[in-house]
2 protein chains.
Amino acid sequence: MDNMFEPIGESQTLSQRIERKIETAIREKRLPTGSKLPSERELCEMFAVSRTALREALRRLSARGLIDIKKGSGGYVSDYNIKNAISSLLLYYDLKFDKDLILQINQARAMFEPEIARLAAESRTDKHVKELRATIDDLINCNHDDIQAEADLVNKFHAKVTEASGNSFVIISMEPIFSLVPRIRNFIYANIEGEKNNILEKHEEIYASIRDKDGQKAFNAMSKLIDRTNEIYLEHLHKYNL
Amino acid sequence: MDNMFEPIGESQTLSQRIERKIETAIREKRLPTGSKLPSERELCEMFAVSRTALREALRRLSARGLIDIKKGSGGYVSDYNIKNAISSLLLYYDLKFDKDLILQINQARAMFEPEIARLAAESRTDKHVKELRATIDDLINCNHDDIQAEADLVNKFHAKVTEASGNSFVIISMEPIFSLVPRIRNFIYANIEGEKNNILEKHEEIYASIRDKDGQKAFNAMSKLIDRTNEIYLEHLHKYNL
DNA sequence: GTAATAAATTGGTATTACAAGTTGCGATAA
DNA sequence: TTATCGCAACTTGTAATACCAATTTATTAC
């Protein structure tokens, strides 16, 4: 019995209550996307509060990405997009970034990405095929010494495969991974010297499977690729005793 | 050539620049978790700005979950937890919730949950086994008429399985799904009359597999369960032409 | 030393004033 | 008539001051 006696009255501040009222209106679409909010003075009158309190409520909503405020113009209901949605998630991973997270991400990739490749093979459009081809070509032409550029292109390829799955939930879920890769790269300077041809081959195989709409083949190729990549990572982690 | 002429000067407001400065200090751990910020008056002097501008910066940081502000006490660097991180993600799904999202979520579950069950079987602790057992027992004892309670318990079971995987990235990724189930339930009144025994059996099978650390068996059982559930959903969607 | 009390400190709200940017209307010129 | 310019009437952004309410700290009485 932790909370036998809950706090009496509203512990919420005035500006928080205003925030919640406007937020509810937005969630219930009473304020549709893109619509203009009344001016601050008008809202002050409507809520019967000072401009100070109202502005702080608007600042919170703006910080959370629910509204856009333009100086001299006014406030508008934001087109709440994925960027807003995952920005705080990215911040979270940014703060808790460590070796464990890297291992867990690698594990998650091994679990999910083969299935994603399978779905991509079944759902991809011609546009996706073109973009995947272009990415691999860039990778082929990439300077062998530029490890950073190579890693970025590999990352781009995997992001494109995920995009080709057409499942927005999957795309959003994987987004943090592809955003964190640059940081992982700074953490693990795993050299894939002598592996590049092998890696490249597997990417070609994945590409071909998706192009030919062969889900099972895409699954297998992706599975092998991720497993091999994880092996390289683990070897490196052991070698440098991280 | 889209951006031949980039905007001149800082389009950022003063309060946004203050916000960014403090945010950077937090991200770089110069302000460690739990530490107390200087008082508003002090910060005003340090940044040489009015209290108005400073407070709006603090409001933004507070709204984003980076700091906690206690009246009469002061501001503290928040222990930025998962709740903060995924709250905006939940808002996003809340706003774009529709039939398509439900279908994509079901697809994603079919892709991911079997693998999650496999990992759970390999990583689970005794505590997880107990909790899973308790959840199934609740489901058995649940009133057959109370469809809502049943759905909640099934949902809880799947959340617990995910938790047992021990992979925090996976847990966070799946969190939106388990949060959305109540809304899906209101969308689809899929009657599992006559299915309950079948569903229950499969849950028992998953439980036993995880208890016995049989990953492959857990994978198969979860796979069958999700497939059957999706069938029921699709039948319902067709029947009512949603 | 402890507990009650008073004082100082801190965040919350209100008010007023002005700065700075945007919008739209109308006067003016072509 | 049409295009352009400029001004006026908006809008939000920042500043300064004052006071309220909650919390913390210092003081006092026991």
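Per chain, numbering begins at 1; letters A, B, ... match sequence-line order. Treat the numbers as computed from the prediction; the structure is a model and nothing was measured.
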Q) Would you say the side-chain atoms of B:N81 and B:N84 include a donor-acceptor pair closer than 3.5 Å? A)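 B:N84 and B:N81 do have a side-chain donor-acceptor pair below 3.5 Å.
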Q) Side chains of A:R64 and B:S88: do they bring a donor and an acceptor to under 3.5 Å? A)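 No donor-acceptor contact under 3.5 Å links the two side chains.
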Side-chain N or O of [X] closer than 4.0 Å to phosphate OP1/OP2 of [N]:
X     : N      : answer
A:S50 : C:dT13 : no
B:R41 : C:dT10 : no
B:R59 : C:dG12 : yes
B:S15 : D:dG13 : no

Q | Candidates D:dG13, C:dT10, C:dG12 - which lies nearest the side chain of B:E42 | A | C:dT10
Integer-rounded Å distance: [N] [atom2] and [X] [atom1]:
X     : N      : atom1 : atom2 : value
A:L14 : C:dT15 : CG    : P     : 12 Å
B:L43 : C:dG11 : CG    : P     : 8 Å
A:K70 : C:dG21 : NZ    : P     : 16 Å

Q: Just do the side-chain hydrogen bond (donor to acceptor under 3.5 Å, both in side chains) check on B:E28 and B:T24 with the steps written out, would you?
A: CA-CA 6 Å; B:E28 293 176 353; B:T24 303; 5.8 Å; no
Q. Which part of the nucleic acid, if any, lies within reach of B:S39 when heavy atoms closer than 4.0 Å are counted: base, sugar-phosphate only, or nothing?
A. sugar-phosphate
(Q) Using only atom types and a distance under 3.5 Å, with no angle test, would you say the side chain of A:R124 pairs donor to acceptor with the backbone of A:I210? (A)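 Judged by distance alone, yes, a pair lies under 3.5 Å.
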